[in-house]
Number of protein chains: 2
Amino acid sequence: MDIHHLITKLREKGHKITPQRLAICELVLSSKDHPTADQIYKKLKQKFPTISLATVYQTLHLLKDLGLLLELGFPDCSARFDPNISPHIHIICLKCGKIEDYETENLKEQWAKIVKDIGVEPIIQRLDLYIYCDKCKKNQ
Amino acid sequence: MDIHHLITKLREKGHKITPQRLAICELVLSSKDHPTADQIYKKLKQKFPTISLATVYQTLHLLKDLGLLLELGFPDCSARFDPNISPHIHIICLKCGKIEDYETENLKEQWAKIVKDIGVEPIIQRLDLYIYCDKCKKNQ
DNA sequence: GTTTTAAATAGGAACAATTTTTAGTTAGTA
DNA sequence: TACTAACTAAAAATTGTTCCTATTTAAAAC
Ligand SMILES: [Mn+2]
Ligand SMILES: [Mn+2]
Ligand SMILES: [Zn+2]
Ligand SMILES: [Zn+2]
């Protein structure tokens, strides 16, 4: 998703192109680390000292509604946002919360077969494996 | 998980057997509909008019720690609890939130292969497909 | 059976994440 | 340049969950 494509998509739907909106979109859509709204907010504060957390949430939900972003809810902690909307697995540490992506062609094929058997056409998918990561296993 | 097995398991870990605790456990461990803490609380109010929501949460987390219960976090709405801890798929409506289980032998086999390829030993797993259910498609 | 005690409960306050509201500002159109 | 819908920031409200603590209770010790 390059910036011009994004701008076109926003304009199409009648959304204004503001510097804040663009900055939030660029940041989250290029992120690999499944950030929380607050993490995005804190990063952007450097460039936009007056930006509000509500604006961040609003923009994230806009991207979600446009189908460009996944919102992952968890117990105990705040939601995390993922610009990778294609089926992939999250390997998540139950202790430290670290999220790692697992995404291979073989996985996509195998998973597609399973979904086909079920006979539904999912809009979004979420595949989580919860583990204890090596680091947390060591200093348990 | 029958009631005597549960009581043994609780005693083993040094937990007291209280009527509230037993009632909450029995209710959630036999539920098929992925209830929220509040739904469990409201149902139990009939039998225990003074029961508190904090007790419900505490007991649900106890069961979770014992590995007998899954807690499913979502954006926008409260957590739901699932006594089915074996790998199965949730087919979830994005509009009304209805959750349907999909669980077949074939799925378990195929999924086990995928997990084996990754080379991890997950403690918990969560497989969600988000759709719009027939009902919500109709009266959209 | 009674006493002791550590753990659990009830109820409400506190908390944190998120959403809504409000009033002022701005991007895009004409 | 003027207009207006959409936006922004700040504050307030809301919601789900956890924390606190006086009281009660299950289970152990006597
Ligand atoms: Mn991801
Ligand atoms: Mn289930
Ligand atoms: Zn870890
Ligand atoms: Zn529905």
Q. So which one's nearest nucleotide on DNA chain D is more toward 5', B:A37 or A:F48?
A. A:F48
Q: Return no unless some side-chain N or O of B:T18 is found under 4.0 Å from OP1 or OP2 of C:dA7.
A: no
Q: Report the distance from atom OH of B:Y41 to atom P of D:dG16, rounded to the nearest whole Å.
A: 14 Å
Q) Between B:R21 (CZ) and C:dA6 (P), how many Å, whole number? A) 17 Å
**Q.** Cationic N near anionic O, under 4.0 Å, A:D38 to A:K42
**A.** yes
(Q) Please tell me if B:H15 has a side-chain N or O lying less than 4.0 Å from either OP1 or OP2 of C:dA8. (A) yes
Q: Assign each of B:K16 and B:K45 to its nearest nucleotide of DNA chain C by heavy atoms, then name whichever residue's nucleotide is nearer the 5' end.
A: B:K16
Q. Under 4.0 Å between a side-chain N/O of B:R11 and OP1 or OP2 of D:dA27, yes or no?
A. yes
Q | Separation of C:dT29 P from A:I17 CD1 (nearest whole Å) | A | 10 Å
Q: Respond yes when some side-chain nitrogen or oxygen of B:Q20 is under 4.0 Å from OP1 or OP2 of C:dA10, and no when none is.
A: yes
Q. Out of D:dT17, D:dA10, D:dT18, which nucleotide sits closest to the side chain of A:S52?
A. D:dA10
Q: Have a look at A:D76 and say if it touches a base, only the backbone sugar-phosphate, or nothing, with a 4.0 Å heavy-atom cut-off.
A: sugar-phosphate
Q | Euclidean distance, atom CG of residue B:L53 to atom P of C:dA13 [Å, nearest integer] | A | 15 Å
Q. Side-chain N or O of A:T50 less than 4.0 angstrom from OP1 or OP2 on D:dA9?
A. yes
Q. A:A54 side chain: which of C:dT20, D:dA27, D:dT17 is closest?
A. C:dT20
Q. CD of A:Q58 versus C1' of D:dT8: gap in Å, rounded?
A. 8 Å
Q. Rounding to a whole Å, what distance do you find between B:Y57:OH and C:dT9:P?
A. 16 Å
Q.
Taking the side chain as everything from C-beta on, heavy atoms only, tell me whether A:S30 gets closer than 4.5 Å to A:E26.
A. no
Q: Could you tell me whether B:P19 contacts a base, only the sugar-phosphate backbone, or nothing, with contacts defined as non-hydrogen atoms closer than 4.0 Å?
A: sugar-phosphate
Q. Does A:H90 offer a backbone N or O that forms a donor-acceptor pair with the side chain of A:R126 under 3.5 Å?
A. no
Q. OP1 or OP2 of C:dA10 less than 4.0 angstrom from a side-chain nitrogen or oxygen of B:T55, does that happen here?
A. yes
Q: Could you tell me whether the side chain of A:R80 and the main chain of A:D33 form a donor-acceptor pair under 3.5 Å?
A: yes
**Q.** Atom-pair distance (CG on A:L72; P on C:dA17), nearest Å
**A.** 17 Å
(Q) Given 3.5 Å as the limit, does a donor-acceptor pair link the side chain of B:K108 with the main chain of B:P87, or not? (A) yes
**Q.** B:L22 CG - D:dT25 P separation (whole Å)
**A.** 16 Å
